[in-house]
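A quick note: this is a predicted structure, and the numbers were derived from the prediction, not measured. Each chain gets a letter, A, B and so on, in the order its sequence line appears, and its residues count up from 1.
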2 protein chains.
Amino acid sequence: MRNNTIGSLIWLRLMRFTNQSNQMSNEFLKRFDLTTAQFDVLIQVRTYQPLTQMELAEKVTVTQGGISRMLARLEKEGYIVRKQDWKTKTISLTDKAEALMEQVMPEQLAFQTSFFDDVLSEEEQKTLYALMSRVHKHSEKKEIPPE
Amino acid sequence: MRNNTIGSLIWLRLMRFTNQSNQMSNEFLKRFDLTTAQFDVLIQVRTYQPLTQMELAEKVTVTQGGISRMLARLEKEGYIVRKQDWKTKTISLTDKAEALMEQVMPEQLAFQTSFFDDVLSEEEQKTLYALMSRVHKHSEKKEIPPE
DNA sequence: ATTTTTAACTTGACTAGTCAAGTGATAGTG
DNA sequence: CACTATCACTTGACTAGTCAAGTTAAAAAT
């Protein structure tokens, strides 16, 4: 029994790569006192604000509980505000976060981009994107095989 | 300022996909009372045993501290044994884990494979694998840009 | 043969997340 | 109007990981 279908090899590469690049991204963002997860959340809030926790959780593929905890941390740091609005909590960025993002976004964008620009041609990047899009979309409607 | 280089789009897809498929894998492995992270560690131990914690940490891209905690959990569950051997701790699978892996491995392999087999041709999978291998290898020697 | 150094591992304090049970406010229903 | 759903969010107990300071045992140096 060997771990050797092409699919399983791709799976492993993807896991190791995302793990690796996530760690590097964390290291990179340390200069702004942010983590990758926090940056991800702030980007979404910035783009879609004002929005509810449910909507946000959906966008970053995290559970209700996860987003609740994350927002508590971000609120403590003064990056976001939650106001009870009807029976929902509406999230938006503070000025502090808005200013920070203005500065961080182009840098983080360049950082992410460099993982691919350094080794793949434009054509290859398009291919990779197209393939991953198909795989990702498929995974979203996939079902766990029954026991 | 938009989040729109091809590279950044690929990055996002990869993150969301691995996140998604990791969650699904956890759900799948629940029937064996395992998590994806535990399965990953057990596979490595099975393949390379006996090995030290340092070696294992390297293989699964986790810190020394992380592997120490993970192994403490796996030991408590009776899946692995650590014996102090010289100044190193040597890790190997218990019979219980060996038997479990015999059963789980083919199923998990099929599960991972299905993420790709369902939507990509053999040719496309080879392309994806080749592209990701290059990107991954590059990331391993990449350096964090200076402040 | 003691002392220092070093290598391998552990641990405390933290981020990040899960699941499932618990709150709290609003919306319907009798 | 009180009563029960229900929806949005929180929280307790956990896995999984990070970093940096703390052990511990063997190696090297005095």
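Note: CG (A:Leu71) to C1' (D:dT11) measures 15 Å, nearest angstrom. With rounding to whole Å, B:Ile91 atom CD1 is found 11 Å from C:dA8 atom C1'. The interatomic distance linking A:Arg73 (CZ) with D:dC9 (C1') rounds to 16 Å, in whole Å. Distance A:Asn22 CG to D:dA16 C1': 13 Å, rounded to the nearest Å. Between B:Lys83 atom NZ and D:dA25 atom C1' the separation is 18 Å, expressed in whole Å. When the C1' atom of D:dC14 is taken as reference, atom CG of B:Leu34 falls 16 Å away, rounded to whole Å. With rounding to whole Å, A:Glu77 atom CD is found 8 Å from C:dT15 atom P. C:dA8 atom P lies 14 Å from atom CG of B:Leu56, rounded to whole Å.
Side-chain rings of B:Phe32 and B:Phe39 stay apart, their centers remaining 6.0 Å or farther from each other.
Distances from the side chain of B:Met70 to the nucleotides C:dC9, D:dA16, C:dG17 place D:dA16 closest. Set against D:dG17, D:dT10, C:dG17, the side chain of A:Arg82 has D:dT10 as its closest nucleotide.
When each of B:Gln108, B:Lys30, B:Gln112 is tested with B:Ser25 by the rule side chain to side chain donor-acceptor pair (under 3.5 Å), just one qualifies, namely B:Gln108.
For B:Phe28, the ring pair (Phe, Tyr, Trp, His ring centres under 6.0 Å) partners two or more places apart in sequence, or in a different chain, are B:Phe111. Among residues two or more places apart in sequence or in another chain, the side chain to side chain donor-acceptor pair (under 3.5 Å) test is passed with B:Thr113 by A:Thr5. In this structure, the side chain to side chain contact (heavy atoms under 4.5 Å, CB included) partners of A:Thr127, at least two apart in sequence or on a different chain, are A:Leu131, B:Thr127, B:Leu131.
Note on residues 14-25 of chain A: pairs passing salt bridge (Lys or Arg N to Asp or Glu O under 4.0 Å), not counting sequence neighbours, are A:Arg16-B:Asp40. The list of salt bridge (Lys or Arg N to Asp or Glu O under 4.0 Å) pairs with a residue in residues 106-119 of chain B, not counting sequence neighbours, reads A:Lys142-B:Asp118. Within the structure, salt bridge (Lys or Arg N to Asp or Glu O under 4.0 Å) pairs that include any residue of residues 128-140 of chain B comprise A:Glu124-B:Arg134 (at least two apart or interchain).
For the segment residues 135-146 of chain B, the set of residues with a heavy atom within less than 4.0 Å of an atom of DNA chain C is empty.
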Pairs under 3.5 Å (N/O, protein and nucleotides 18-20 of chain C):
| unit_1 | atom_1 | unit_2 | atom_2 | d |
| --- | --- | --- | --- | --- |
| C:dT18 | OP1 | A:Thr63 | N | 3.2 |
| C:dT18 | OP2 | A:Thr63 | N | 2.8 |
| C:dT18 | OP2 | A:Thr63 | OG1 | 2.4 |
| C:dT18 | O4 | A:Arg69 | NH1 | 2.6 |

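Each of B:Thr36 and A:Glu55 was assigned the nucleotide of DNA chain D with the nearest heavy atom; the assignment lying further toward the 5' end belongs to A:Glu55.
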Which pairs of donor and acceptor atoms, one on a side chain in residues 66-79 of chain A, lie under 3.5 Å apart (sequence neighbours left out)?
| unit_1 | atom_1 | unit_2 | atom_2 | d |
| --- | --- | --- | --- | --- |
| A:Glu75 | OE1 | A:Arg82 | NE | 3.3 |
| A:Glu75 | OE1 | A:Arg82 | NH2 | 3.2 |
| A:Glu75 | OE2 | A:Arg82 | N | 3.2 |

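For B:Gln53, no side-chain nitrogen or oxygen approaches OP1 or OP2 of C:dA7 to under 4.0 Å.
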